[in-house]
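Notes for the one structure printed next.
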Amino acid sequence: MNIENQPNTKPVSTWGLDPLFWTPAKLFVGDLHAALPSDSASVFFIGTHVVRTVQAVGIVVSVDTRSPKLTVYNGKHYSKHLDDGTGVIPCAQFVAPDEVAAMRQTFDLGSTVSVEGRLSTFRDVRQVVIRSIKHIDPNQEVLGWLERLALRQFLQSSIEPQI
């Protein structure tokens, strides 16, 4: 039951008037995968709304640390896959080399986390570039589901009819 995404008909000059443009949209992973990309690499469309940043909750199902290749960044690429029951999405974070061990110990497999970041596409795979990540308890995860269902209901009711 994904949101029916519509092709963008809004001019770029009005994107900032959409409240979801400025705040992290609390969405299910399945909705993140269904978002339509725009000509701009950092903007996606959910329903008729413009989205740049997202927040997702779920369980960490994989952890990967590797050095980025062919980049000027001098740190490490830290990647996690987040599963919320509607899908799995990669979440990438770039950290300084001395912070990698602490990050690995902090977010183990099976940890319930809330991730906030920029939605992007890298090598034709949708991902979240992490701005912040924090542990949450399972009760907060269920509360997050209710918030996402309420936002989904709002998004579905605010779809403009096509003429």
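We're numbering straight along the sequence, starting at 1. All values derive from a computational prediction rather than experimental measurement.
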Among the clusters formed by ILVMFWY side chains lying less than 4.5 Å apart, do Leu109 and Ile89 turn up in the same one? yes
If you measure from CZ on Arg131 to OG1 on Thr53, what distance do you get to the nearest 0.5 Å? 5.0 Å
Sequence neighbours excluded and cut-off under 3.5 Å, please list the side-chain donor-acceptor pairs for residues 141-151, or say none.
residue	atom	partner	partner atom	Å
Glu147	OE1	Lys26	NZ	3.1
Arg148	NE	Leu27	O	3.4
Arg148	NH1	Gly144	O	2.9
Arg148	NH2	Gln55	O	3.1

For Thr23, which residues count as a side-chain hydrogen bond (donor to acceptor under 3.5 Å, both in side chains) partner, sequence neighbours excluded? none
Please name the pair of heavy atoms, one in Leu82 and one in Gly58, separated by the smallest distance, quoted to 0.1 Å. CD1-C, 3.5 Å
Keeping Arg126 on the side-chain end and Ala35 on the backbone end, is there a donor-acceptor pair under 3.5 Å? yes
To the nearest 0.5 Å, what is the distance between CD on Gln127 and NE2 on His81? 9.0 Å
Are Trp22 and Val50 joined in one hydrophobic group, where the rule is that I, L, V, M, F, W and Y side chains link up if heavy atoms are under 4.5 Å apart? yes
Kindly compute the distance separating CD (Glu116) from OG (Ser132), expressed to the nearest 0.5 Å. 4.5 Å
Apply the test side-chain contact (heavy atoms from CB on, under 4.5 Å) to residues Phe44 and Leu36: give CA-CA distance (whole Å), side-chain angles for both, the deciding distance (0.1 Å), then the verdict. CA-CA 5 Å; Phe44 290 83; Leu36 295 175; over 6 Å; no
Given side chains that start at C-beta, do those of Lys80 and Ile133 come closer than 4.5 Å, heavy atoms only? yes
For the residue pair Val129 and Ser120, what are the closest heavy atoms and their distance? CG2-OG, 3.6 Å
Nearest atoms (heavy-atom pairs only) where Val51 meets Ala25: CG1-CB, 4.1 Å
Any residue meeting side-chain hydrogen bond (donor to acceptor under 3.5 Å, both in side chains) with Thr86, in chain and number order, not counting sequence neighbours: Asp84
Going by the rule side chain to side chain contact (heavy atoms under 4.5 Å, CB included), which residues pair with Asn139 if we only count those two or more places apart in sequence or in a different chain? Asp137
d(Ile130 CD1, Cys91 SG) to nearest 0.5 Å is 5.0 Å
Only counting residues at least two apart or in another chain, list the ones meeting side chain to side chain contact (heavy atoms under 4.5 Å, CB included) with Ser111. Val60, Asp108, Val113, His135
Could you list the residues that satisfy side-chain hydrogen bond (donor to acceptor under 3.5 Å, both in side chains) with Arg52, not counting sequence neighbours? none
Could you pull out the closest heavy-atom pair between Pro90 and Val125, with the gap in Å? CG-CG1, 3.9 Å
